[in-house]
Structures are given as C-alpha cells and as structure tokens.
Amino acid sequence: MKKLLATTAGLLMSTAVVGTATAQAVNDNQLSDPRVRQAIAYALDMETIVDTIFEGNAILANGLQPHGPNKPDGLNYYKYDPDKARALLAEAGWDESRELDVVYYYADQITADFMAAMQAYLADVGVQMNYRLLEGDVGAQLTVMPDDPVEGPSGLSWDIAYGARAALAPHEYFNRFAYGQMPMIPNVPEMNDLVAKANGTADVAVQREAFHEMERIVNENVYILPLYYQQLFIFQSDRIDRNGNPYGNEQYNYNWGITEWTVEPNEDGERVAYTNTGPQQFFELPWRNLGIWITSKAVFDTVLLADGALTPIGGELADSYEMSDDGLTLTVTMRDDALWHDGDPVTAEDVAWSIQAAAINPTTQPTVSASFRAIKGAEAYVAGEADEISGISVDDNVLTLEFETVAPNILLSLTQFHPLPRKYFDGVDPIQLQQSDFWQKPVGSGPFMIDEVRMNDFMTLVPFEDYHGGVAKIEQIIVTPSGDGDGNLVRNAAAGRADFGYTKNTADVPALEEMENITVVPIDFPYTRMFWINQFVRK
Amino acid sequence: MLTYIIRRLLTLIPMALVISFLVYGGLELTPGDAVSHMIPPEMAGTLPPERLDALRDSLGLNDPFIVRYGIWLSGLLQGNFGYSLTAGVPIRQIVLDRLPATLEMAAAALVFSTLFGLILGTISALTRGTTADHTLTVVGMIGVSIPEFFFGLVAILVFALNLGWLPVGGRMLPGYETFFDRLPHLVMPALVLSIMMTAGVMRYTRSSMLDALSKEFVKTARSKGMPEWRVNLLHGLRVALTPVIVLISFRLPILIGGSVIIEEVFQWPGIGSEFIAAVRSQDYPLVMMIALLSVIAVLLASLIVDILTALIDPRVRLGE
Amino acid sequence: MTATLPGPGTRTTARPRTRHDRQFDRIRAREEAGTFKAPVQGRFFSKFRSNKLAMIGLVVFSVIVLASICAPLLTTHDPQQINLRAMLQPPSADHWFGTDRTGRDVFARVLYGGQVSILVGLGSALMATIIGVLIGIYTAYVGGWVDALAMRISEILMAFPQIILVLMLVAILGQSLSNLVLIFTLTGWGGIYRMARARMLSLREEDYVQALRAFGLAPALIAYKHILPNALGPIMVNTTLSTAAFILQEAGLSFLGLGVPLSTPTWGNILNVAQDLRVLENNWWLWLPVGIVISLFVLSVNLIGDGLRDATDPSQQG
C-alpha cells in the first residue's frame, strides 16, 4: 500500500506539471478543460461513498477496465482532495453560476443516495449540480451523436451521465474512441490510432500495449471518470447444492454445470428450484444480452464452452475446433448427439445460418457481431450485395469460417453464441428475428426445456431427457419474471421464491446476506460504473 | 332509446379518432423509439448508430409520422390491433393475456368495496349523529387520505413478511388450477385497492339512505306499523341502492386505471403494469391500444350510466 | 366593452319609469361603483365553525403549512447536507426524525419537502380551478362553437383514466417540478370547468341574471361578478379535494419514479425509500413520520373540503 501511495503521489506531481503546461478547454464548454474534470474527480470522496452508501460492496476504480494485466500500473485514483479540486477550478476559471445537469438511469435507492452525495461533495468545492432520472428511451438519450465529431455541438441534453460499461472483451471499453463514434467527447486523435491498433491484431501482447496507453491517456485527462468496479453477487439458497461446480461471470455463459446441481425436495417431495429473469412479454433473442436470462444459460447451448473468467475451454455444441496458424481459418466440428428440444439434431447448417443472421441483426452483442463481420464476405452480405456470407461453409458436420481480417475475439464470441433452429425461421427477415412468434415459447438445445409459459406470471423449465451432457437432476425450475435488475428479488427471496441467481444491485446484497438460508458469493467481473462527461458545447 | 344509444355510440368515433391522433402525436415527441429501447444502456454506447437504422427501416419507424399513423389506423379499421414493436406479438394477444388479471383484481376490489361500503354506509345512516356515525365518517376519511402504495407496502410488511399469512405478490404459480388456488394472492391487492372506493360508496350509501328514509312512502310504511328494521332494509336500502349502483358502474374504468400503482406494488401482471412498461419502452402501438381501450371503456361506462339513470328515473329524458 | 353600453336611462325613456326602474337603477349604480356585494355569507362561516371535524382539519392544515413555511426557524439542519459517517441514525434530540441513508436530517427534509409538496398540490389545484372557472363561465355564457369546443376538449381529457394520461404526459414532457404542476393542471381543470359551466348555465336562466342582462350589463361583468360568487361554494370544495388528490398523486408518481426529480425533497420522494424492503423493516423513521404527515395533511384537507361542502350546500344533510 505504501508503495502504491508513493507511485500515486509521483504521478500526481507529474500530472500537475502537465496540467499547468498544456491543459485548457478545447471549446466554450468548461467541461472540455481537463482541470475541471480532474477537479470533479478530486472533489468526490469515493472511498467514503463506497464504504457507506455502497456498504463496501464495490471496488474503487482507477481505470476503465477492471484490475488485471490489461491495465498499466500507477494510474491516478484522484483520491479525495477538496483543496486541490478548488485550486484546479480556480486555475481553470470555473463559472460558479453554472449548474451542471447530471442524469442517471438506475431507479434504485442507492443511486439516488449516491447522486445526493455527489451533489453535496461538488457543492463543497463550488460546483452546482442538479440530478434527474432519465425516463423513456435511455439509450437514445445517452448516445445522440454531435453534429461534428470535433467541433460539436453536442446532440446530448445533459452535462454528466452516471452510467456503466459492461464488457465481454476489453476492446469494448475503448472502441467508441474511434473517429466519429463518441457522443460526448471531442475526437482525441491519438486514441483513434490506438483503437485501430488494439483491434487489428490477435496478438494479446500488442493489444495490451494499446490498452495500457489508452488507459493512461483517459486517466490523465479524465475524458471519462471511472468511479468503481461493480461486483456481481451470486446468491443461492441452502436448498441448492452445486456439487463443486464453479461460480463465474453470470452475465455470460460459463461451465456452471447446472445438470449436476441438486435441490432439496420441498414438502411435497418435489425437487423444484426457483430463480428469476423469466420473460415479461416475450423471450429475448439470446444474442443481445448473451447470458443474463435463465433461458440463455439453461435452455440454449453455446457453440463453445468457457470457464468462469470466460476463457474458452472446449466445445459445447461443438465437439472440437481448430484455428489455423495465421488466425484466418476456424474449423468447428459439431457433435453428432446434440438435439433440439423437438428431437431434431443440431446441425452445422443451423450454426452457419445462425452466424449469418447474427452478423446482420442489429441487436447482436457488439463483440460477437464484430467477430462475425470479420468473416470473408460478411460486409457484402450486410450491405445487401450478397445473398449469403461467402466465408461460411459447411461440410456434413464440419463448419468452416474463413476470415477477411483477424477476429481477436472469435473464440470468446463462440463461447457466448447460441445457435437457433433454422427451420423455425423460414421466410423471416433476419433483421426482424426478434419479431417472430418463435419467441413466445422457444425451442432450444440446452439441458432444460421450456415447459409452461405464463407470460409475466411465471415459466417452468424441465430437464431435457435427451441432453447430450446428461439429464439434469433438478426436476423443475420455476422462473419468476424480471428484467436484468430484479426489483422484487429481496421480496421473492424472503418468501422462498429465489433459490439461485445473481444481482448487480448492491442494495440487495445486505438484505440477502441477512437471510439465514441465503448465501451470497461476490464475483469480480468487467463492469465499470463511470461518469460520462459531455465535453461538447451544448446547443 | 335505441336511436339514442346508436347516436351516442356514433359520436364516440370522432372522439376516439382525435384521441388516437393526440396520443400518437404525443408519443412522437418523447425521445427515442422502440429500437433504441431494445438496446440496453450499457450496450448503447458500444453499438455503431448506423446499425440501428437498419432495424428502424425494417420496422417502418423511419417513415413520416402521418404515414405511420395512417398505416396504424387503417390496420385498426380492418380489425387489426397491430403488433407490439418490442415483442412482435399481436397486441390483441397481450391485451387478452393481461386483461383477466386486471379485471379479476378490479372485480374483487369492487365486490369488497361495495360490500363494506354498503354495510358501513347503512350503519352510518341508521346511527346518524351518534359517535358510531362520526367514527365511521372519520375512518372513511382516513382511508382515502393514505397513499395507496404506502398502504400496500405496509400491508406486505405486516401480512406477508412479519406474519407470513399471505404471499408477497404475483398472481399465480404452477399448479394453480382454480380460482381458489389464486385467492391468497388476490386478497391483499384487492383489499388495498378497495380502500379508496369503500369510503366513496359508504358516503354515497349514507346520504342516499338518509334521503330515502325521509321519503313519504317510508313514513307511510312506518306509520302502518312495519317493524323498523324492515322499513330500513326493504324500503330505505332498496331505494338508496340505485344511485349507489350508478356510482359503482361509473367508477369501474377509473378502477382499472387506478390499479396501475397497486399492480406495481404487488407485481400483479395486469394491463396497468403492462402500460407502464409500454410507455417506458416507447412501444407506440401497445401504448396506443391500451390508452384507446381504456378511453373507450370510460366512454362506454358513462353511456351505461346515462342509460341506467334514465331507466331508473323516468323524469330524465334521453336524446336531448 | 363598456363604451358600447347604452348610457344610464337610455332604455327606460321609451316608457314611464316605475318603482322597479328606480330600484334597478340603484342596484346598477352600486354595481358600477363597485360597492355591490353579495350578502356576506354569515351562515356559511357559522356553519363551518360549528363543524368540529372541519375545524380540526383547519388547525392541522395550518400547523403543517406554517411549519413548512417556517422550516428555517424550526430546524437548523440543512435538508441537503449529507454526513455519510452518520447515516441511518434513529431519532434523537439532535435529529428528531433520525437521519437517512446519506446522513441527512429527516425532520428538516420533511419540513422543506412539505413546501414543495404543498406547492405542487395547492398550486396545481388553484391553477386548475382558475383555468377551469374562467373557461367554464365564459364559454357557458358565450355559448356557440366556443362552448362546444371547450366541452369537446374537456371531454377528451376526462375520457382518459387520469393516471394513464398523467403517465403519458410525464413521458412526453419529462420530469420536473414545473412540468408536474403543468400536467396536474392540464389533467385537473376539466372537472371544475364542467361544474362552473353547469352552474353558469343554470344561473344564466335565473331571474335576477335575466334582469341584469335586460339592463344591458356586460356579459363578462355579470358572469364574474354575479354568477361566480354564487358558484364559489362548490368550486371551493372541488379545489380542496383536488389539492388532496394531487398530493396523493405526487406521492404515487414518486413511487413509480416518475414524480418530481429526487434532487428536490418532496414528501413523495422521502416516502419513496419505503420501497426498499430493508428500510421498510429496519428503519421505520425514514418512512413512518413522513407517511403520517402526508396522510394527516391530506386528511385535514379532506376534512376542510367536507366542512365546506356541508356549509355551502343547504340540501346536504349533516
């Protein structure tokens, strides 16, 4: 710790020197002045906030990515220092009459408390702010692009947004720094090249160099202010026994071994388990949110299998796979015993069709989409110039993908990719895949099949008797409806209607921990809460 | 009478048209659309915006406002309620799925509030001026003065969590075949919802009962030596019932709208919570249809009230 | 308008003046001098005063309103001042209602929150009343297409279940204090408008109004000076009841997360923490006092409204 403090102090001094030498506003918006952004960073006592409001269930952030080898040492934490904040503001000539418009989109109490705290901390250094919850279409309000990527003016209606970035691959933290992709920051030319560098290679060492450099630039200039790393909390009632299977990043798909789990019989002798994330209106296409719904994890199998840290470890629907040395040809051999829940075999054709559809469907998760669009002929297909993607070929049970450029995350993508049974989508435009009847009661390939669906009431899952990985031991899973954040989780858990699942809502954690029959396992995962600072001139 | 009803029904059509246009136009003013809502905020920042345009095009969201409204309207005239943008399911199906839950709760609340309201109102009228009467009046007032969601939350705290008598929320679980299986789920939301209405029915019953009891025929019945309880029940309550029935039928659509918050508190999968979700996700066709249906329900109910009033009281002439 | 009025006596010169003419002239003179007033409703006040519940309501109402207005005198705590190391403290001599999840003084927040909530409730109700009465009386008096148009608009607004309309408007206009007042006004004027219009229509036919008309008094003058005071009773009742309804609606919208932005303390926003089950179970001081204050205030307004109704409506049986 001492060493860390020393390096931090060293860096502080160096940034201060840089600050006075070059830092200034790039336009009429004072938030484009790095000193103002640094001041905001210094003004917030995140350590105390994490300790009290978040009750310790968060990790202080110093970079966009979570702690790990992709982040350089010595990043500045901007430890609480109100005097320094005041000095920087004075130096930048901060207009004290300006009231910052801060927006957020989490409707939970902790966020509201955090906003109140932020307001008080900023007021203490002379920065006025007000906060409001974004209503309606949040995504649209956060991502309107400026008229010009350098000059603005901004298309956004706020000054600071409290948001988060969840990433499957580290690239996702930075890719928006490519030219013309950033809604709130005037283009930073040196970042453009680094984004290209990180995406242009499968060599992890080269990627890492780019990540380190980008983290340093963002940290020094506070283009984005990372606040804390969220943990993911897996909860489990004492009725469930995972029988040694691992815990991992539950937002995605990993080898959690649900077929081996057991549950204590209830009073009627039935081995029934409850969980959440059931459908409210329809089942979501599993290519968008990859792993947050129980259906994604239990009803659909993925092509490859990952461990809890999302490292590929083998095949799931695939039997084996092989990547050529130049990284441009991937051969996947499918298992011959995998079946859809209607009894038909899962074929390489199904997978090929699914990859093609996912490449063009706009809601496909960005990392997966980017991987598939690197396949030869994918761009032509997406542009409507070709009827199919030429780089995908099928020979019996072997699927071959030929790439135009290296796709650094293709294996990772396949560990998260759920093929769909092609025959149900005859005549459906792949862009409108979600708007199909199939999603009222999907047919999957995983260890559990959907039995009864009462939209927004409940859904039941039962073991698929012909599952290639063995029949699951839990006899029935009853799924209550909820979104990604389940506002009713604590209530359901108290009533014995939540036996397993996860939450990202730190407010739920102490309440779950207080329950005698519930165990909570915190998991580090790539999910960073941050402030996006609108540095364009507003209209 | 029949021509009157037909004429009233015909006047509903331009009104429904205007309302549908206003709602459609209003939603147009809200930021975003169904497509950008399909993308979670965490991901929105990582998706190149031009990719979403493809989906907008395919869903017809890039057409001019009037064109979209025209398409929607002509579909409606052909009996097509349209499809939910986010779910891709026929709206008719969503409405049919959700409506029973809302009606079930509203009906139960109606039964509870009518029952309690009539009993308490009658007691109050018969004990007019006494402590019992005053107490009932004050209790009724307190009932309508407590925010309903607060009442609901405290009820959950006490009856579901502390005492464990009733489930915390939801409507049914697997294996719930009959209405009686679901009854425990229904009790709390319906009771909380009925509190607001009970006070109204009680007040109405009380005043119309007092009114009825002062009528000549009641005095006659009494002078004929009819026992007091028979006078009260047979003549007083019966006459008092008619305005109360009108009140209740008038409240029905308001009840359906009013259950929105209660549905949220008790995770009740009804049309109200569906409406909130649709407003939040900018699912135009769905918002439109629910709003339109609720408006039609209100208008029809007021028509029924008019007809009922006319049937009960011959002095009211229809068709004026 | 006044310039086009016939001068005094122009209409009566054609026939012999009678005792009634002189009487009307006197009334008219007083009218134009502005000294004519409807007889002070002494019966109204004595009737209201004798209604114990209404008086209790008035006292409670006044206490809460005064306490909110005089918040700076009653507490030294700043409602926005956080103290993270002193969060969730139960009530004490220093913090009468304890502290919330960021260490803010709940008592101060309830007082200051009252200012906003009462402003929203009372403000919206008054605005709705003024707009409803102005439009109602005027259009009813003028009649014709203006009247028909206003009636259609109010019918359209009132055809919506109110919460559905409010939710849509919040989504369209966005959340803010002024938008909320605007939305409540927009959705709330219809009822008062209709009442004022109906009152006006029936009063228009009454003899004394006919007489004033025959005398050539300006319609607007008759409408606002003679008809308005007579319709005031039911309008006041309606306004008080709207105030109560709006305060409850503000709380309900806060529950849905669609009310006044959380940065402004309102009773609804303070009560909102009760959604958190842990707060509900463990920190009663965060929701119980403010829940009681809202309920008491709404109750007091309802009691006053009830008292007003009894006092203004002679047919209402006590």
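For the numbers below, each heavy atom of this structure counts, side chains included, while hydrogens, waters and symmetry mates do not. Quick caveat: nothing in here was measured; it's all calculated off a predicted structure. Throughout, a chain's letter reflects where its sequence line sits, starting with A, and its residues are numbered from 1.
Between atom CZ of residue C:Arg101 and atom CD1 of residue A:Ile110 there is a gap of 5.0 Å, rounded to the nearest 0.5 Å. A distance of 9.0 Å separates OG1 of C:Thr102 from CD of A:Gln109, quoted to the nearest 0.5 Å. Here CD1 of C:Ile82 is found 9.0 Å from CG of A:Asp45. Values are rounded to the nearest 0.5 Å.
The side chain to side chain donor-acceptor pair (under 3.5 Å) analysis of residues 71-80 of chain C, with sequence neighbours excluded, yields the pairs C:His77-C:Asp94, C:Gln80-C:Arg109.
Residues A:Thr52 and C:Leu84 come closest through the heavy atom pair CG2-O, 3.3 Å. Nearest approach of A:Asp51 to C:Arg85, heavy atoms of both residues: OD2-NH1, 3.6 Å.
Residue with the most contacts toward chain A among C:Leu262, C:Thr264, C:Asn269: C:Leu262 (heavy-atom pairs, distance under 4.5 Å). Heavy-atom pairs under 4.5 Å with chain A were tallied for C:Val273, C:Leu88, C:Asp100, C:Val279; the largest tally goes to C:Val273.
Contacts of residues 179-195 of chain C with chain A at a heavy-atom distance below 4.5 Å are absent; not one residue qualifies. For residues 281-298 of chain C, the interface with chain A (any heavy-atom pair closer than 4.5 Å) comprises C:Asn282, sorted by residue number.
Partners of A:Leu60 according to the side-chain contact (heavy atoms from CB on, under 4.5 Å) rule, which considers only residues two or more places apart in sequence or in another chain, are A:Met46, A:Glu47, A:Val50, A:Tyr77.
Side-chain atoms of C:Ser263 come within 3.5 Å of backbone N or O of A:Tyr131 as a donor-acceptor pair.
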